[in-house]
Amino acid sequence: MSLCAIKECKSGSKSNPNTSETFVDSGESPIDFDTNFTRTGNPSTSKSFVDSGESPVDLDTNFISTGNPSTSKSFVDSGESPIDLDTNFTRTGNPNTSETFVDSGESPIDFDTNFTRTGNPSTSKSFVDSGESPVDLDTNFISTGNPNSSETCVDSAESPVDLDSNFISTGNPSTSKSFVDSGESAVDLDTNFTSTSNPNSSETCVDSAESPVDLDSNFISTGNPSTSKSFVDSGESAVDLDTNFTSTGILFDNDPDGFCMLNRLPPAFIDFLLIKGPAQPTHEDISSKEFPKDKSGRSFQVAWYWKKLPENTQIRRDWLSYSKIRNKAFCHHCILFGRKGQKCWTQEGFSAWSRAVSSIQLHECSDFHIEASLRFKMRLTALPILPLLEEKNKQEKAINREIVKVLIDATLFLSRNCLSFRGHQESLKKPGNRGNFLNLIDMMSKYSPCLASYITQLEMSTKKPEVNFLTKNSQNKLISSISNSIKSSIKNELQHSKFFSVSIDSTFDYSRREQVSFVVRYLQMNGQICERLLALKESSITTGVRLFKLFEDICSSLCLDWQNYLIGQSYDGAQNMRGEYNGLQSFIKEKCPTATFIWCSAHRLNLVVAKTVGCSLDAVDLFGNMETVYNFICNSKKRVAYYEEVQIKYSGTKKNRRLKRVSTTRWMSHDRALQTVLETYDSVIDTLDYVRKTEGPDDHSVGHMCGCLLDYLLSKRFLYTALWFQKLFNVLAPLNTLLQTSDLDLLAAVNSINETKKICLKLRKDESIFHHLTKEINSFIEDKKDLEFSEFKIVRTRRKKKMPGELNSDESIDDPLINFKIQTVLHSLDTTLNYLDQYFNNSAVGIYKDLSLFSIKRMIEIKNNLEKMPDDAFVEFCKIYSKFLNIDILKSEYLKFCQIYKMFEETTALPTSFHRDVQNSNSDESDNSEEEIVLPKRNPISVINACSMKNVYKVVHDNNLASVFPVLHTALKIALILPVSSASTERVFSKLKIVKSR
């Protein structure tokens with residue numbers, strides 16, 4: 001079925017005047033593609049122009065005769081489309097009849113450049129169930145049906161075709177059934193875009209046998225890819241312009257009329273026309289068996305397809321193309337590759353048959369035609385090669401993707417294990433230390449054929465390849481790409497969490513450069529607390545101003561709104577960090593008042609330990625000798641080897657231990673050094689005795705050092721001091737480990753410190769503590785029967801001069817045990833308690849007391865008695881975060897939440913025992929036990945953090961109570977995100993040292 005009918009701009013009536021049944025039962029849509037006008041009948045009805053008295057349409061520019069004025073039913077129930085092409089006015093139907101355009105399915109289309117009239121706006125049934133195709137070729141706008149009707153183009157099998165270069169309107173977008181089950185073929189020849197059915201409908205092109213063909217140079221839309229019935233039983237002529245296949249039909253052929261007016265042809269359509277060739281119909285292809293004649297009786301001749309050469313041989317003109325629709329000749333080559341040539345051969349068409357022979361000869365000798373023909377021949381020759389090149393390109397891309405996947409896995413493996421990438425000799429052709437990356441890739445190539453082939457190709461290549469995935473630059477790009485991916489993931493999580501806190505620290509690394517690490521703390525989508533390294537920057541200047549500039553740059557690069565959503569900051573005790581005036585925290589807090597500064601709890605505890613281990617002479621001698629033992633044994637490989645052999649002798653199957661160094665910067669290093677010496681006590685004594693006997697005679701200084709160390713280690717003074725500090729470290733070490741955990745919240749940290757204070761205070765008040773210590777020492781001595789320990793030395797104390805005004809003189813303590821108890825045991829406890837109070841003064845941060853209300857015990861107390869709720873609850877907390885929290889709403893939601901917390905907690909988590917005797921349980925004791933934190937002797941991982949806010953927030957998050965208690969949910973998020981320590985920044989430096997030293 002032909003899409004277009006021939007129309008000439010000067011012809012008057014384009015029907016057959018001898019028959020009254022022209023266009024009968026044809027469903028024809030005669031569309032004129034002339035640049036001036038178009039004549040469009042009703043394509044969807046089989047009775048178009050039947051019994052209508054014919055619609056003589058006058059295309060003259062002066063007037064139009066529309067219908068028989070003597071009948072009162074002109075254009076009534078006729079399905080006629082009276083079209084007025086005059087630029088002045090339009091006459092549509094008989095104005096004397098009240099049935100004009102009513103229930104007629106009429107499409108009165110006005111092609112005037114000023115306006116368009118579309119049906120009778122007063123009837124609600126215009127274009128309803130009419131199968132009408134109102135087509136507007138005006139360059140200004142398109143009107144498709146009555147906009148007041150909700151059934152426009154619904155179930156009409158309509159094909160609204162728009163050739164305008166501006167836009168396309170296809171159906172009523174307000175109906176969900178536009179082009180649904182219609183068998184419609186909406187074709188767009190616009191070079192910009194194609195609108196195929198209603199995008200809001202879920203049934204677009206489903207089971208409709210639809211073939212929306214797009215000739216745009218960007219894409220081709222061929223049916224609905226999601227349905228398996230597209231192009232099934234449709235009778236549709238869906239033409240695919242791809243170079244691989246063509247669905248034969250007559251919707252699109254090589255007739256120049258279909259593409260000569262297009263400004264730009266898509267590559268796929270050019271390939272189609274290359275294969276199809278020019279349109280050269282013969283007399284048999286014409287319905288009347290002869291070509292149409294002009295006014296002078298001349299017509300197109302088939303003989304013009306051939307050119308006679310001087311040697312009387314004929315060759316076909318493969319460029320000459322004839323349009324049956326326009327009755328004009330075109331140049332097939334110039335349309336495709338010579339648009340700048342004569343318009344009569346590329347766009348308008350040639351129809352001056354009287355001078356056709358000379359014009360054809362003149363055109364085929366022109367320069368632009370020869371150039372277009374050469375381009376045509378070159379493109380036709382290369383046409384079979386293009387699919388092969390495309391297929392080869394696809395294979396190369398697939399192989400490269402497999403290679404890059406292996407390289408990404410290798411990069412992630414080395415990064416996770418803190419291993420370096422580079423080596424000394426990074427050449428595949430030369431042996432040597434090629435580095436971890438290349439060696440790992442070489443090993444993985446045994447299990448990856450693509451990678452093995454690629455490496456072999458690089459090794460066999462004699463010249464430098466254009467692209468090499470294994471060079472140092474490629475390694476850096478892989479690392480950078482993975483880094484950007486991680487940063488993007490962190491950025492997305494931060495945007496979801498909104499609130500975050502920051503920890504910053506600096507160090508002088510292994511390569512003698514000052515490194516600054518930035519760690520952020522936030523809540524993940526699953527409700528878990530997370531601390532992530534955001535950046536690691538090098539800065540030779542670490543003043544507060546410089547660090548603040550680095551902080552701003554990093555937040556700006558990741559688009560973090562820190563001035564609104566930064567709620568906390570945690571640093572160590574350096575003045576450039578925590579300085580009140582010129583410290584980093586002061587500059588941040590100046591622009592972001594909600595950024596509460598919290599001094600790192602782990603650093604503060606380390607300061608407490610440092611003060612404790614230097615409070616007495618016994619403590620100084622103990623840890624000084626621990627450092628001396630480490631240096632004396634570990635500085636000689638022979639002594640270390642003997643020390644390890646002796647351990648096997650005494651410990652049997654136990655794993656060998658290594659002596660630890662006492663460092664002032666390593667947290668709890670005193671505890672680890674002391675613990676190692678006590679666990680390998682026999683091995684240390686045996687090693688020192690062996691060195692004294694073997695090396696002492698030749699080196700007197702070595703022998704003297706061994707003797708001094710043995711005298712100290714084999715004394716009760718050492719045992720009392722060592723076992724006492726071991727007992728004290730058993731209290732402080734679990735707290736130190738707990739404060740370094742990344743998911744610890746501020747309330748749990750404060751309660752843990754308070755519990756540690758209680759334990760130390762209990763030891764201080766316990767009069768029997770020294771008696772228990774003596775028992776442990778006696779038990780230790782009994783286990784070492786083969787060793788002899790010296791007693792405490794009685795040291796004569798110097799009498800102090802009695803000062804004026806003193807009534808009594810100082811009494812000297814002659815008993816060494818009592819002196820040790822006072823000067824070491826009690827003094828160390830007093831020092832610990834004093835500095836715990838000094839460094840962990842909760843009054844410095846007023847929100848600590850408000851956060852205590854989120855503990856489980858306090859919530860249960862308030863549930864049982866609402867009067868226990870403090871009057872000034874959450875005052876300090878809401879004062880700092882006033883732009884996020886309303887104190888009245890927070891109190892109200894908090895009281896309601898206290899009433900239902902236990903119920904949701906029991907439904908969220910399984911009970912520890914299903915068959916526990918309820919009568920034997922004491923609810924009061926269980927409530928009180930939730931507040932206590934048990935600090936095991938040497939298992940800090942099992943510390944029960946029962947008072948943590950995480951348990952409360954978990955109930956809110958898991959039960960989706962954020963919509964019920966929004967302000968309480970926000971308060972809990974802020975409380976959990978507040979930082980506890982900057983231990984994560986210290987861990988970054990430890991990993992950095994491993995990477996740079998290995």
Side-chain angles (χ1 to χ4, degrees), residues 392-494 509-511 513 515-520 532-539 550 553-560 988-989 991-998:
K392 182 181 179 181
N393 187 27
K394 291 180 180 179
Q395 293 179 359
E396 291 179 352
K397 288 181 179 179
I399 293 174
N400 290 339
R401 287 192 181 99
E402 293 297 325
I403 295 173
V404 172
K405 285 181 182 179
V406 178
L407 299 182
I408 291 175
D409 292 339
T411 304
L412 291 174
F413 174 80
L414 295 176
S415 302
R416 290 193 182 105
N417 292 275
C418 303
L419 299 176
S420 59
F421 281 64
R422 307 287 298 281
H424 298 293
Q425 181 58 259
E426 295 183 327
S427 175
L428 296 175
K429 300 179 181 180
K430 298 180 181 179
N433 181 16
R434 297 186 295 181
N436 293 328
F437 182 81
L438 292 180
N439 289 333
L440 183 60
I441 293 301
D442 188 31
M443 185 270 293
M444 297 177 70
S445 65
K446 299 178 181 179
Y447 309 97
S448 175
C450 296
L451 183 60
S453 176
Y454 180 73
I455 293 177
T456 303
Q457 181 181 355
L458 292 178
E459 292 176 346
M460 299 297 293
S461 177
T462 58
K463 59 181 180 179
K464 185 178 180 180
E466 295 181 1
V467 179
N468 190 344
F469 295 132
L470 304 181
T471 62
K472 59 181 181 181
N473 293 330
S474 298
Q475 296 176 33
N476 293 335
K477 289 180 180 179
L478 282 172
I479 298 173
S480 178
S481 299
I482 295 174
S483 174
N484 293 334
S485 177
I486 295 174
K487 286 183 179 179
S488 178
S489 176
I490 296 175
K491 178 182 176 181
N492 294 335
E493 292 180 351
L494 283 173
D509 71 351
Y510 190 78
S511 60
R513 295 180 180 180
Q515 302 286 352
V516 182
S517 62
F518 297 80
V519 175
V520 290
R532 302 289 297 273
L533 175 64
L534 196 62
L536 187 66
K537 298 292 184 178
E538 180 183 343
S539 177
L550 284 176
D553 294 342
I554 293 174
C555 291
S556 176
S557 63
L558 294 177
C559 301
L560 299 180
V988 171
F989 298 141
K991 296 296 182 181
L992 183 64
K993 181 179 180 181
I994 293 174
V995 172
K996 290 195 172 185
S997 61
R998 290 185 179 179

query: For Q457, does the CD atom sit with more than 12 other heavy atoms under 6.0 Å from it, leaving out its own atoms?
result: no
Separation between CD1 (I486) and OG (S481), nearest 0.5 Å, reads 11.0 Å
For this session: Report yes if the side chains of S474 and L470 come closer than 4.5 Å at any heavy-atom pair, otherwise no.
Result: no
dist I455:CD1 -> K446:NZ (nearest 0.5 Å) comes out at 11.0 Å
Distance col, row L407:CG vs L412:CG, nearest 0.5 angstrom, shows 11.0 Å
Interatomic distance, NZ@K477 vs CG@N484, rounded to 0.5 Å, equals 13.0 Å
Here the gap from L560 atom CG to I554 atom CD1, rounded to the nearest 0.5 Å, amounts to 9.5 Å
For L534 and L558 the tightest heavy-atom approach is CD1-CD1, 3.2 Å
Exercise for review: Report yes or no: does S453 contribute a side-chain atom to a donor-acceptor pair with the main-chain N or O of C450 at less than 3.5 Å?
Suggested key: no
Pairwise side-chain contact, K491 with C559, heavy-atom cut-off 4.5 Å (strictly under): yes
Query - Verdict with supporting geometry, N468 and Y454, side-chain contact (heavy atoms from CB on, under 4.5 Å) - result: CA-CA 10 Å; N468 190 344; Y454 180 73; 3.6 Å; yes
Could you go step by step and tell me if F469 and N400 meet the side-chain contact (heavy atoms from CB on, under 4.5 Å) rule? CA-CA 9 Å; F469 295 132; N400 290 339; 3.8 Å; yes
Next item on the list: Find out whether F437 and L419 are in side-chain contact, i.e. whether some heavy atom of one side chain is under 4.5 Å from a heavy atom of the other.
Entry: no
Worksheet item: So do S415 and I479 actually touch side chain to side chain, heavy atoms under 4.5 Å?
Response: no
Whether the side chain of N436 engages the backbone of S420 through a donor-acceptor N/O pair (distance < 3.5 Å, no angle test) should be reported. yes
Legend entry - Min side-chain heavy-atom separation N393-K397 under 4.5 Å: yes
In this structure, NZ of K991 is separated from CG of L533 (nearest 0.5 Å) by 12.5 Å
Taken in chain and number order and not counting sequence neighbours, the residues that satisfy side chain to side chain donor-acceptor pair (under 3.5 Å) with R434 are D442
Closest non-hydrogen atoms of E538 and R513, given as atom of the first, atom of the second and distance, are OE2-CD, 3.5 Å
(message) Pair L494, R532 - check side-chain contact (heavy atoms from CB on, under 4.5 Å), show working.
(response) CA-CA 11 Å; L494 283 173; R532 302 289 297 273; over 6 Å; no
In short, A452 meets S445 closest at the heavy-atom pair CB-O, 3.3 Å
